Amino acid sequence: MEDLSKLKEIAAQIRRDIVRMVHGAQSGHPGGSLGCTEFFTALYFKIMEHDPNFHMNGINEDIFFLSNGHISPVWYATLARSGYFDVKELATFRKINSRLQGHPATAEHLPGIRVASGSLGQGMSVAIGAAKAKKLNGDDHLVYSLHGDGELDEGQNWEAIMSAAHFKMDNLISTVDWNGQQIDGPTVKVMNTGDLHIKFNAFGWKVMEMNGNEMEDVVETLTKAKSLTGKGLPVCILMKTVMGKGVDYMEGHHEWHGVAPNDEQLAKALEQLPPTPLGDY
Ligand SMILES: Cc1ncc(C[n+]2csc(CCOP(=O)(O)OP(=O)(O)O)c2C)c(N)n1
Ligand SMILES: [Mg+2]
């Protein structure tokens, strides 16, 4: 349980980790990773009850599923900084034989990963299954999931969203990274998903909104979301973020969805993301 200033310091370090990892591999997804850094930090360092001594079955702890698996850099950095594995392993991101695959996978047995993701649209279904299992097991812990806004173009999401309400999955908190961008343009141009607040509401969810780049708001909203579980409805958080948050030339540009910075761009990014007492990997 960390206080706000400590959470901000951890997030600052995770942002450095993200740009260094993607630069080191010369591939990967910095945009969504930087946008969701506060969310991951708050979730793993404040909100979830979880055990870095990893147990695949997740019984008697809160569990998290990343559906938009391409933002693996922020998840890997958060898991390492939380003690799931050595931070030095972050240097192997996307390298041959690494456990840190470009998209999370289970074959490599990286602690913290319970299902492969990156083929978009599947994580909500997985999260609902896990939430159902928790209920069947009499385990009153929660299931959290994260989804991209562009990812919601995938139809499987809407069947899952409908079924979560039908099965009263009130132990599920699903967050959407509402950055308005996706791989090849703004979401309104590629596929306008319309008013997500009204849509989730109409599908039977409790809906909240937060500024995903304000740590105070993230902690407060996630805490409120927890208090709204157990009331018969699944909870959705629409999280406004800025793609590439923290690196000025990346901010708000879909072009940084999945491009690695070169040496010069890395230096510029690190100037804007100063070192922290936690230290680089
Ligand atoms: C089933 C499937 N279709 C297409 C893709 C290719 N793809 C990867 S990321 C992406 C865009 C996702 O947009 P969003 O979820 O908003 O992510 P962001 O760009 O905001 O990080 C697409 C279409 C995929 N990975 N899986
Ligand atoms: Mg997006």
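Atoms within each ligand, like the ligands themselves, are counted from 1 in listed order. Reckoned from all heavy atoms, side chains included, excluding hydrogens, waters and symmetry mates. Everything numeric in this text was worked out from a predicted model, so none of it was measured.
- Closest approach between the Mg ion (ligand 2) and any N/O/S atom of Asp149 involves OD1.
- The existence of a salt bridge linking Asp170 and Lys135 is confirmed by a sub-4.0 Å separation between a basic side-chain nitrogen and an acidic carboxylate oxygen.
- Residue contact check: Glu151 has heavy atoms under 4.0 Å from atoms 13 (O), 14 (P), 15 (O) of ligand 1.
- Residues Asp263 and His23 bring a donor and an acceptor atom of their side chains to less than 3.5 Å of each other.
- Ranking the protein heavy atoms by distance from atom 19 (O) of ligand 1 puts His257 ND1, 2.5 Å first.
- Of the charged side-chain nitrogens involved, none lies within less than 4.0 Å of a carboxylate oxygen, so that Glu214 and Lys8 do not count as a salt-bridged pair.
- Taking every non-hydrogen atom of Met243 and a distance limit under 4.0 Å, the qualifying atoms of ligand 1 come out as 18 (P), 19 (O), 20 (O), 21 (O).
- A pairwise comparison of heavy atoms in Gln182 and Asp153 identifies NE2-OD2, 3.0 Å as the closest pair.
- Note on Gln181: counted as a metal contact of the Mg ion (ligand 2), an N/O/S atom lying under 2.8 Å.
- The N/O atoms of His70, backbone and side chain alike, include one that comes under 3.5 Å of an N/O atom in ligand 1.
- Checking Val218, Asn213, Leu34 one by one against Thr241, the side chain to side chain contact (heavy atoms under 4.5 Å, CB included) holds for a single residue, Asn213.
- At the top of the distance list for atom 25 (N) of ligand 1, counting protein heavy atoms only, stands Gly118 O, 2.8 Å.
- Every atom of ligand 1 is numbered from 1 in the order shown, and the set under 4.0 Å from a heavy atom of Glu154 is 1 (C).
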Practice task
Please test His257 against Gln181 for side-chain hydrogen bond (donor to acceptor under 3.5 Å, both in side chains), starting from the C-alpha separation and ending with a verdict.
Solution key: CA-CA 8 Å; His257 159 93; Gln181 308 291 332; over 6 Å; no

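- Remark: the backbone N or O of His55 is paired with a side-chain donor or acceptor of Arg114 at under 3.5 angstrom.
- For a threshold of 3.5 Å applied to N or O pairs, the pair formed by Thr187 and ligand 1 contains no separation below that value.
- Checked by distance only, ligand 1 and Asp177 stay at 3.5 Å or farther apart across all their nitrogen or oxygen atoms.
- In this structure, the side chain of Asp217 does not engage the main chain of Met210 through any donor-acceptor pair within 3.5 Å.
- The atoms of ligand 1 that sit less than 4.0 Å from any heavy atom of Gly148 are 15 (O).
- Residue Asn68 places no heavy atom under 4.0 Å from ligand 1.
- Between the side chain of Asp62 and the backbone N or O of His50, no donor-acceptor pair lies under 3.5 Å.
- In terms of polar-atom proximity, Ile71 is not counted as a contact of ligand 1, lacking any N or O under 3.5 Å from an N or O of the ligand.
- Contact annotation: Asn179 places an N, O or S atom under 2.8 Å from the Mg ion (ligand 2).
- The single protein non-hydrogen atom nearest to atom 13 (O) of ligand 1 is Gln182 CB, 3.1 Å, given as residue, atom name and distance.
- Remark: the backbone N or O of Glu89 is not paired with any side-chain donor or acceptor of Asp86 at under 3.5 angstrom.
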Handout entry: Verdict with supporting geometry, Asn157 and Gln122, side-chain hydrogen bond (donor to acceptor under 3.5 Å, both in side chains)
Key = CA-CA 7 Å; Asn157 284 301; Gln122 301 175 2; over 6 Å; no

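- For atom 4 (C) of ligand 1, the candidate residues are Asp149, Leu120, Leu34; the nearest heavy-atom contact is made by Leu120.
- With salt bridges taken as basic N to acidic carboxylate O contacts below 4.0 Å, none links Lys268 and Glu271.
- For a threshold of 3.5 Å applied to N or O pairs, the pair formed by Gly150 and ligand 1 contains at least one separation below that value.
- Every atom of ligand 1 is numbered from 1 in the order shown, and the set under 4.0 Å from a heavy atom of Ile183 is 10 (C), 11 (C), 19 (O), 22 (C), 23 (C).
- Within the structure, the closest approach of Gly31 to ligand 1 does not fall below 4.0 Å when heavy atoms are considered.
- Distance from atom 20 (O) of ligand 1 to its nearest protein heavy atom, with residue and atom name: Asn179 ND2, 2.7 Å.
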